[in-house]
Amino acid sequence: MFVQHKDTTLEDLGNGVSRRILAHGGKMMAVEVHFETGAVGPMHNHPHEQLTTVLSGEFEFTIGDETQIVRTGDTLYKQPHIMHGCVCLKAGVLLDTFTPIREDFLS
């Protein structure tokens, strides 16, 4: 599957967060998440494994009981069902990869 960035849609999720669904199929999915400074990704969990790469910006991330500041180029792993969330310290973009795909994002 080829996905041209120009053919995707940036969906406004509100409160300074927007999402762009990228390539997906089988058991994998890639999603861009854009944050304005101060925007919050509330603490949550889900049954998916998730890798997050910081494409730009700076974020305070909590995964389980650990909180760290992450910046461009850093990568985070979230195991299934672990609580996680973030606060955007400097506007930026995250690239999330999920397995299996987030059916809830496609509906």
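Between H44 and H84, the gap from one ring centroid to the other is short of 6.0 Å. Under the 6.0 Å cut-off for aromatic ring centres, H24 and F105 do not qualify, their centroids lying 6.0 Å or more apart.
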side-chain contact (heavy atoms from CB on, under 4.5 Å) for V33 and V17? Distances and angles first, verdict last.
CA-CA 7 Å; V33 188; V17 181; 3.7 Å; yes

Just do the side-chain contact (heavy atoms from CB on, under 4.5 Å) check on L94 and V54 with the steps written out, would you?
CA-CA 5 Å; L94 303 175; V54 182; 3.9 Å; yes

Report the C-alpha distance between E60 and Q68 in whole Å, list the side-chain angles of each, state the deciding distance to 0.1 Å, and finish with yes or no for side-chain contact (heavy atoms from CB on, under 4.5 Å).
CA-CA 6 Å; E60 180 182 81; Q68 289 191 24; over 6 Å; no

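E32 and H34 share a side-chain donor-acceptor pair at under 3.5 Å.
Here the shortest heavy-atom pairing between A39 and G16 reads CB-O, 3.6 Å. Residue I63 comes nearest to K78 through the heavy atom pair CD1-CG, 4.0 Å, listed as atom of the first residue, atom of the second, then distance. For G41 against F35, the heavy-atom pair with the smallest separation is N-CE2, 3.9 Å. Of all non-hydrogen atoms in P47 and P80, the two that sit nearest each other are O-CB, 3.5 Å.
Within the 4.5 Å cutoff, side-chain heavy atoms of L76 are placed close to those of F61. Inter-residue side-chain proximity for T75 and T52 is flagged as unmet; no heavy-atom pair is nearer than 4.5 Å. Within the 4.5 Å cutoff, no side-chain heavy atoms of T8 are placed close to those of I21. The shortest distance between side-chain heavy atoms of H48 and R102 falls below 4.5 Å. Contact annotation: the side chain of I101 approaches that of L106 to within less than 4.5 Å [non-hydrogen atoms, C-beta and beyond]. Using a 4.5 Å heavy-atom cutoff, the side chains of H46 and F98 are in contact. With contacts defined as side-chain heavy-atom distances shorter than 4.5 Å, the pair E58/I69 qualifies. Inter-residue side-chain proximity for L22 and L95 is flagged as met; some heavy-atom pair is nearer than 4.5 Å.
Within a 6.0 Å sphere centred on CG of N15, other residues, nucleotides and ligands contribute 12 heavy atoms or fewer. D65 CG: 12 or fewer foreign heavy atoms inside a 6.0 Å radius. Environment of CE in M83: crowded, with over 12 heavy atoms of neighbouring residues, nucleotides or ligands closer than 6.0 Å.
Looking at S18, its side chain never comes within 3.5 Å of a backbone N or O of E11 through a donor-acceptor pair.
In this structure, OG on S56 lies 12.0 Å from NZ on K90, to the nearest 0.5 angstrom. Between the SG atom of C86 and the CE atom of M43 there is a distance of 10.0 Å, given to the nearest 0.5 Å. The CD atom of Q50 lies 4.5 Å from the CG atom of D96; values are rounded to the nearest 0.5 Å. Remark: E49 CD to I82 CD1 distance equals 12.0 Å, nearest 0.5 Å. Remark: T9 OG1 to R19 CZ distance equals 12.0 Å, nearest 0.5 Å.
One hydrophobic cluster, built from ILVMFWY side chains closer than 4.5 Å, cannot hold both L55 and V87; they sit in different ones.
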